[in-house]
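Worksheet for the structure shown next.
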Amino acid sequence: MTEPRSQPRADLQRWDGSTADARAIQTQLADKVVLADEFGPLKRIAGVDVGFEDGGMITRAAVVLLDAETLEPLAQALARIPTCMPYIPGLLSFRELPAVLQALDSLGQTPDLIFSDGHGIAHPRGLGIAAHLGVVTGLPTIGVAKKILIGKHTALGEQRGEQVDLLDKGGKVIGTVLRSKDRVRPLIISPGNRVSLETAPQLVMRYVTRYRLPEPTRLADRLASRRDEKRGGPQQSMELQ
DNA sequence: GCGACAG
DNA sequence: ATCTTGTCGC
């Protein structure tokens, strides 16, 4: 049997390269975001993140698939492609998504849920990279960011698990400011696709162990930024591509 | 017009 | 994101 291979590039390929068109595409795709819990049993979850090599010349995307029950890594994939554009706040997905989609494609398996670095709907036009990834792949996604892009919130408790709503200018809830560990800077959680505002932070906490970041994100982060091979380990890991 | 601004 | 050692604190 052949898995229904996606044609994820579609919406990005229609991009004319201008920032104006990128914003127009975001506004259009934002309507396709599903903010309801539309995901089945979570068996295999994935984390995706992007890093750079050669001072930014090469974009390096990493995907790590984990067993949702044991959190053991099941598979991982890397994609390295020439960087296509500079970082522009609000347009992150146009810079990083091509590499992320390629990495997901070479993974050869479809995750039941994807944790993406960056924001979901907590974005100027409601389509951060996590939401963009979710709409383009049709998969459930959650955005896990370390800093706020837009929105405000009230004071947050210091204990692990404490959370407050992230509100946009109109007072509408667009995400959750979540303290994943005692006395650490909070994470900014927002739905990407097929996950509700209420469930997103719950799922993040479900996969947080002893670190600030949930395991899928943390492992993808290490692979994308090559922290694993840099850090001192008696045995060097095997080569990846 | 002046800041703010994921990674 | 990335360039980078040791160091202060839980």
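We name chains A, B, ... by the order of the sequence lines, and we start the count at 1 in each one.
Judged by ring centres under 5.5 Å apart and planes tilted less than 30 degrees, A:Tyr87 stacks against the six-membered base ring of B:dG7.
Under a hydrophobic-cluster definition in which Ile, Leu, Val, Met, Phe, Trp and Tyr are linked whenever side-chain heavy atoms come within less than 4.5 Å, directly or via other members, A:Ile45 and A:Met205 are assigned to the same cluster.
For A:His119 and B:dG7, the NE2 to C1' distance is 9 Å, given to the nearest whole Å. Atom CG in A:Asp221 sits about 16 Å away from atom P in B:dA6, given to the nearest Å. Atom CD1 in A:Ile148 sits roughly 12 Å away from atom C1' in B:dA4 (whole-Å rounding). Atoms NE2 (A:His132) and P (B:dG7) sit 18 Å apart, rounded to a whole Å. Atom-to-atom, NE2 of A:His123 to P of B:dC5 comes out at 15 Å; the value is rounded to the nearest Å. Taking atom CZ of A:Phe52 as the reference point, atom P of C:dA1 lies 9 Å away to the nearest angstrom. At whole-Å resolution of the value, CZ in A:Arg95 and C1' in C:dT2 are 10 Å apart. The separation between A:Asp49 atom CG and C:dA1 atom P is 7 Å, rounded to whole Å.
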Evaluate the criterion side chain to side chain contact (heavy atoms under 4.5 Å, CB included) for residue pair A:Leu127 and A:Thr27; output intermediate values, then yes/no. CA-CA 7 Å; A:Leu127 196 85; A:Thr27 298; over 6 Å; no
Side chain to side chain donor-acceptor pair (under 3.5 Å), that's the test. Do A:Ser196 and A:Asp37 meet it? Break it down for me. CA-CA 5 Å; A:Ser196 69; A:Asp37 291 315; 3.1 Å; yes
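With distances taken from any side-chain atom of A:Asp117 to the nucleotides C:dC3, B:dA6, B:dG7, the minimum falls on B:dG7. The side chain of A:Ser225 lies closest to C:dT2 when the candidates are C:dT2, B:dG7, B:dA6. Nearest to the side-chain atoms of A:Arg227 among the listed nucleotides C:dT2, B:dA6, B:dG7 stands C:dT2. The nucleotide whose nearest atom lies closest to any side-chain atom of A:Leu149 is, among C:dA1, C:dC3, B:dA6, B:dA6.
The environment of A:Arg160 atom CZ is dense: over 12 non-hydrogen atoms of other residues, nucleotides or ligands sit within 6.0 angstrom.
A distance of 6.5 Å separates CG in A:Leu91 from NE2 in A:His123, rounded to the nearest 0.5 Å. Atom CD1 of A:Ile114 sits about 13.5 Å away from atom CZ of A:Phe39, to the nearest 0.5 Å.
Nearest heavy-atom pair, A:Lys43 versus A:Asp112, reported as atom, atom and distance to 0.1 Å: N-OD2, 2.8 Å. Between A:Pro214 and A:Val204, the closest heavy-atom pair is CB-O, 3.9 Å.
Among the heavy atoms of the strands lying under 4.0 Å from A:Gly51 are primed sugar atoms or P, OP1, OP2 only; no base atom is included. Base engagement by A:Gly90 is indicated by at least one non-hydrogen atom pair under 4.0 Å involving a base atom.
The stretch residues 182-216 of chain A has no heavy atom under 4.0 angstrom from DNA chain B at all.
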For DNA chain C, the expected dot-bracket line (Watson-Crick or G-U under 3.5 Å, [ ] crossing, | inter-strand) is ..........
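In this structure, the side chain of A:Asp54 does not engage the main chain of A:Met57 through any donor-acceptor pair within 3.5 Å.
Legend: residues meeting side-chain contact (heavy atoms from CB on, under 4.5 Å) with A:Arg218, ordered by chain and number and at least two apart, are A:Tyr211, A:Leu213, A:Glu215, A:Arg222.
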